[in-house]
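Note that the structure is a prediction, hence the values are computed from the model and not measured. In what follows, chains carry the letters A, B, and so on, assigned in the order in which the sequence lines appear, proteins first and then strands, with residues in each chain numbered from 1.
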Amino acid sequence: MAGLEADIIELAGEPFNVGSPKQLGEILFDRLAVPGGEKGKTGAYATGADILEDITTLEDSHPKGARLAALVLDWRQIAKLKSTYTDALQDHINPETGRVHTSYSIAGANTGRLASTDPNLQNIPVRSDEGRRIREAFVAPPGRVLVSLDYSQIELRILAHIAEIPALVQAFRDGIDIHAMTASEMFGVPVEGMDPGIRRQAKAINFGVIYGISGFGLARNLRIPRAEAQGFIDRYFERFPGIREYMSETVKTAQEKGYVQTLFGRKIHTPDISAKGPGAGFAKRAAINAPIQGTAADVIRRAMIRMPDAIAGLDARMLLQVHDELLFEVAEDQAEDLTARARQVMEAAASPVVDLKVPLVVDAGKGENWAKAH
DNA sequence: AGTGCAGGCCAC
DNA sequence: AAACGTGGCCTGCACT
């Protein structure tokens, strides 16, 4: 990392704090005259990863800026992993147990999700190769393995149920690739042999819908013109009109009652729903998302409550909950038994209070460390 | 030295 | 006017 830092300063041509977005912004946009610099409310240039990634494409017009941006992106990834995980997690090892123990807030999130602190074990890296090396440090003791079980697409399944989208419900019942199906419906192309790029766009739209999508947000996410993104959303609503209905009904309920509810009847209050100005959009999207995210939180909590009885007699412990995943430690020769029991509990967790029109499906994995189990 | 915010980034 | 939901933790920086 020190070498990387030296390379960055040499390229910049002047000493500066690589960890300072403000200083980096001034070098890129003022001194190197990279175009597109935008200052936020504090007067500092924004230098987030998406902006730096755009700058790396300017190799022809601004070679120095492009290379500087690329190096800083590398540095930030390593610095993040080291400070937040490699270094910090070791300070959290309990001397008596030799393990890292987190704390859960039972009412951590407004939607009913748990929150994990000191340390947060719900945001251990997994998406990048480098990040997964952090996850490999979470290991089972000798003779034991880690088993991870996670709900597949639980929020989209809940959306399909709540908004009553026949095509989505049927696809989940048939076990079809849901993003490919969405792309097929929207763009009129067959699922077989689908262009991965088309599927990726449909996936972004499916996620966006759960979060209360906007044309602007989707455009930024997919890096496409806003008009094109809005066209995608319009077509999505045409194909799945129940979604638009769900969104407007949910906002209306929030405005009339001051809360929305999960499928299990738990209330989530929406005090900001009638805010004016910039906050209005935020409050509406939060209200749209809350019943979906909150129902998923209810489902996994019900599974967790039933878990001690379900795994009684096994040499196994439930270790962590990560929103749609439960992580267990179990004697090696009992991993299969545990997986079957835990999966049964998780897949049936909505029952008997809620009769979902879609199946809940749980994926499972095991290994000597969390990366392999996941 | 402690506090709080902003920017940034990790997860689901 | 801002711009995709829910969180927590890190560093830098301004301030007391």
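For the pair A/Leu114 CG and C/dG7 C1', the computed distance is 11 Å after rounding to whole Å. Look at CG on A/Asp118: it is 14 Å from C1' on C/dC10, rounded to the nearest Å. Following rounding to the nearest Å, A/Tyr211 (OH) and C/dG5 (P) show an atom-to-atom distance of 9 Å. Rounding to whole angstrom units, CD of residue A/Gln122 and C1' of C/dC9 are separated by 14 Å. One atom, CD1 of A/Ile273, and another, P of C/dG5, lie 12 Å apart when rounded to the nearest Å. Between the CG atom of A/Asn120 and the P atom of C/dG7 there is a distance of 12 Å, given to the nearest Å. Distance CD1 (A/Ile124) to P (C/dC9): 11 Å, rounded to an integer number of Å. Here the C1' atom of nucleotide C/dT6 and the CD atom of A/Gln321 are 12 Å apart, to the nearest Å.
Of the residues A/Val353, A/Thr262, A/Val354, A/Thr111, the one that meets the side-chain contact (heavy atoms from CB on, under 4.5 Å) test with A/Asp298 is A/Thr262.
In this structure, A/Arg285 reaches the sugar-phosphate backbone alone: every heavy-atom distance under 4.0 Å involves primed, P, OP1 or OP2 atoms, never a base. As judged by a 4.0 angstrom heavy-atom cut-off over every strand, A/Asp150 is placed among residues making no nucleic acid contact. Counting non-hydrogen atoms under 4.0 angstrom, A/Val126 reaches the backbone sugars and phosphates but no base. Heavy atoms of A/Arg127 sit under 4.0 angstrom from at least one base atom. Counting non-hydrogen atoms under 4.0 angstrom, A/Ile210 reaches nothing in the nucleic acid. Note on A/Ala46: only backbone sugar-phosphate atoms sit closer than 4.0 angstrom, heavy atoms only; bases stay farther off. Among the heavy atoms of the strands lying under 4.0 Å from A/Ala88 are primed sugar atoms or P, OP1, OP2 only; no base atom is included. In this structure, A/Phe207 reaches neither bases nor backbone, as no heavy-atom distance under 4.0 Å exists between it and the strands shown. Using a 4.0 Å heavy-atom criterion, one finds that A/Asn123 contacts the bases of the nucleic acid, with or without backbone contacts as well. As judged by a 4.0 angstrom heavy-atom cut-off over every strand, A/Ala49 is placed among residues touching the sugar-phosphate backbone only.
A donor-acceptor contact shorter than 3.5 Å is absent between the side chain of A/Arg235 and the backbone of A/Phe187. Here the side chain of A/Glu26 pairs no donor or acceptor atom with the backbone of A/Arg31 at under 3.5 angstrom. Side chain of A/Ser152 to backbone of A/Val362: no donor-acceptor contact under 3.5 angstrom is found.
For an aromatic pair to be called close, the ring centres must be under 6.0 Å apart, and A/Phe240 with A/Tyr236 satisfies this.
Between A/Phe29 and A/Tyr45, the ring planes are tilted. Angles from 30° to 60° get that label.
Counting only residues at least two apart or in different chains, salt bridge (charged side-chain N to carboxylate O under 4.0 Å, His left out) contacts with residues 310-328 of chain A comprise A/Arg144-A/Asp315.
Between A/Thr111 and A/Thr117, the residue anchored nearer the 5' end of DNA chain C, judged by the nucleotide with its closest heavy atom, is A/Thr111.
Taking atom C1' in both C/dA1 and B/dC9, the straight-line distance is 25 Å, to the nearest Å. Remark: the separation of the C1' atoms in C/dA3 and B/dC5 is 22 Å, to the nearest Å.
For A/Gln293, the side-chain atoms get nearest to C/dG5 when compared with the rest of C/dC10, C/dG7, C/dG5.
In summary, A/Arg223 and A/Asp54 engage in a salt bridge, as defined by a charged side-chain N under 4.0 Å from a carboxylate O.
By the 4.5 Å heavy-atom criterion applied to side chains, A/Leu159 and A/Tyr246 are counted as neighbours. Looking only at side-chain heavy atoms (C-beta outward), A/Leu222 and A/Glu228 stay at 4.5 Å or farther from each other.
The number of heavy atoms from other shown groups lying within 6.0 Å of NZ (A/Lys357) is above 12.
A nucleotide of DNA chain B counts as in contact with chain A when one of its atoms lies under 4.0 Å from a heavy atom; the first and last such, 5' to 3', are B/dA6 to B/dC12.
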Under-3.5 Å N/O pairs linking protein and nucleotides 11-15 of chain C:
unit_1 : atom_1 : unit_2  : atom_2 : d
C/dG12 : OP1    : A/Asn17 : OD1    : 3.4
C/dG12 : OP1    : A/Asn17 : ND2    : 3.1
C/dC13 : OP1    : A/Ser20 : OG     : 2.8
C/dC13 : OP1    : A/Gln23 : NE2    : 3.2

